A.B. asks: 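Please read through the structure below; I'll follow up with questions.
Computed over heavy atoms, backbone and side chain alike; hydrogens, waters and symmetry mates excluded. Predicted, not measured: the structure shown is a model, and the values here were computed from it. By convention here, the first residue in the shown sequence is residue 1.
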Amino acid sequence: MLEIINDYWVYFLIGQYPNGPLGGLVLTLLLASCGLVLALPLGIVLGLARVSPWRCVRWPVTALVFVVRGLPLLMVIFWAYFFLPSVTGVKTDQFTTMLIALVIFDAAYLAEIVRAGIQGLPRGQMETARALGLSYFGAMRLVVLPQALRSMLPSLVNQFVSTIKETSLGYIIGLAEVSFIATQINTQVFTKPAQIYLILGLTYFILCFGLSRFAYWLERRLARRGLPAATLKVPA
């Protein structure tokens, strides 16, 4: 195993870069980070729509969230890779396709985290803000949402853990993320597949376990400050 790490660690970490496209572990982390950063504002908007008092806003968004959450990510990737180019006429590369799929998929899950965070707050927060003369959007922006977002932080970290694991599905469209690179190394070293995929598994475990411990630490820190922890979930 040490021999494989010594021979292929650069290829495993950054792929063929700078003599070729970026890949490996760095591409996995970049894809997961971009996916969550872009999905977060969209998820907040969808989450606010999920608790909107207006049915014309709440019902269509609720249906959209339920449909996306009811689909496997694999199908969303296929749609982004095959369906969107046929409709828009624009062919996207593997990274953009996977990023679009992750943003759509994660935004639906983040919307539910935002909804749970808002509904986990005492209803008196909104009523008090409105009694002080704030509009609905002003009360949500200045009073409700800041409190809800702080209580959501551990759940957001956990969603990042899930996003890292979801990037491995980029393998099916040829994206050179860390799983794809491990397979490429395996085609060059036919005799040691167990060691190669053990390294791959340990890589995912270290990333996800580290982030899970960070979420747990964040949960305890927020609990000591008296913030609600109703939305906390530890990933499997």
Side-chain angles (χ1 to χ4, degrees), residues 25-52 57-58 60-84 88 92-120 145 148-173 175-180 203-205 207-216 218-219 230-236:
L25 183 60
V26 174
L27 183 63
T28 295
L29 294 176
L30 179 64
L31 181 61
S33 301
C34 291
L36 195 61
V37 168
L38 294 177
L40 182 58
L42 180 59
I44 292 176
V45 172
L46 294 178
L48 291 175
R50 287 276 286 123
V51 297
S52 171
V57 175
R58 187 174 68 250
V61 172
T62 300
L64 174 65
V65 170
F66 282 2
V67 168
V68 174
R69 293 187 70 205
L71 295 173
L73 178 58
L74 183 64
M75 184 172 292
V76 178
I77 294 172
F78 280 139
W79 281 356
Y81 195 62
F82 296 108
F83 180 69
L84 287 182
T88 62
T92 57
D93 57 26
Q94 290 96 335
F95 182 86
T96 305
T97 299
M98 192 64 198
L99 184 59
I100 292 173
L102 284 177
V103 169
I104 295 173
F105 201 74
D106 285 350
Y109 280 86
L110 289 172
E112 288 303 277
I113 293 175
V114 172
R115 180 194 59 78
I118 293 175
Q119 292 182 339
L145 195 56
L149 285 175
R150 283 197 298 174
S151 68
M152 293 174 217
L153 283 177
S155 294
L156 295 178
V157 175
N158 288 331
Q159 185 61 36
F160 187 64
V161 173
S162 299
T163 303
I164 288 177
K165 291 185 287 187
E166 290 163 357
T167 58
S168 62
L169 290 175
Y171 175 89
I172 61 174
I173 56 175
L175 180 65
E177 43 75 45
V178 69
S179 300
F180 184 88
T203 302
Y204 277 117
F205 174 78
L207 286 175
C208 297
F209 183 75
L211 285 171
S212 297
R213 290 299 89 190
F214 175 69
Y216 179 69
L218 204 56
E219 175 186 350
T231 63
L232 304 182
K233 297 177 181 177
V234 177

A.B. asks: Just distance, no hydrogens or angles: give the donor-acceptor pairs under 3.5 Å from side chains in residues 74-82, sequence neighbours left out.
C.D. replies:
none

A.B. asks: Which heavy atom of Val103 sits nearest a heavy atom of Gly35, and at what distance?
C.D. replies: CG2-O, 3.9 Å
A.B. asks: Indicate yes or no: at least one non-hydrogen side-chain atom of Val114 is less than 4.5 angstrom from one of Arg50.
C.D. replies: no
A.B. asks: Between Phe160 and Ser33, does a side-chain contact (heavy atoms from CB on, under 4.5 Å) hold up when you go through it step by step?
C.D. replies: CA-CA 8 Å; Phe160 187 64; Ser33 301; 3.8 Å; yes
A.B. asks: First locate atom OG1 of Thr203, then atom CD1 of Ile164, and finally report the distance between them rounded to the nearest 0.5 Å.
C.D. replies: 11.5 Å
A.B. asks: Ignoring hydrogens and geometry beyond distance, is a side-chain donor-acceptor pair present between Asn158 and Ser155 at under 3.5 Å?
C.D. replies: no
A.B. asks: Carefully, step by step, assess Val51 and Arg58 under the rule side-chain contact (heavy atoms from CB on, under 4.5 Å).
C.D. replies: CA-CA 7 Å; Val51 297; Arg58 187 174 68 250; over 6 Å; no
A.B. asks: A side-chain contact here means heavy atoms from C-beta on lying under 4.5 Å apart; do Leu207 and Leu211 qualify?
C.D. replies: no
A.B. asks: Under the criterion side-chain contact (heavy atoms from CB on, under 4.5 Å), I'd like the reasoning laid out for Leu156 against Leu110: C-alpha separation, chi angles, the key distance, then a yes or no.
C.D. replies: CA-CA 8 Å; Leu156 295 178; Leu110 289 172; 3.4 Å; yes
A.B. asks: I need the Glu166 CD to Gln159 CD distance, nearest 0.5 Å.
C.D. replies: 6.5 Å
A.B. asks: Yes or no on side-chain contact (heavy atoms from CB on, under 4.5 Å) for Leu145 and Leu48, after CA distance, side-chain angles and deciding distance?
C.D. replies: CA-CA 9 Å; Leu145 195 56; Leu48 291 175; 4.2 Å; yes
A.B. asks: Does some side-chain heavy atom of Arg115 sit less than 4.5 Å from a side-chain heavy atom of Leu46?
C.D. replies: no
A.B. asks: Report yes or no: does Ser168 contribute a side-chain atom to a donor-acceptor pair with the main-chain N or O of Lys165 at less than 3.5 Å?
C.D. replies: yes
A.B. asks: Checking Ser179 against Tyr204: is there a side-chain donor and acceptor pair closer than 3.5 Å?
C.D. replies: yes
A.B. asks: List in chain and number order the residues that pass side chain to side chain contact (heavy atoms under 4.5 Å, CB included) with Leu31, two or more places apart in sequence or in another chain; answer none if no residue qualifies.
C.D. replies: Phe95, Met98, Leu99, Leu102, Thr167, Leu175
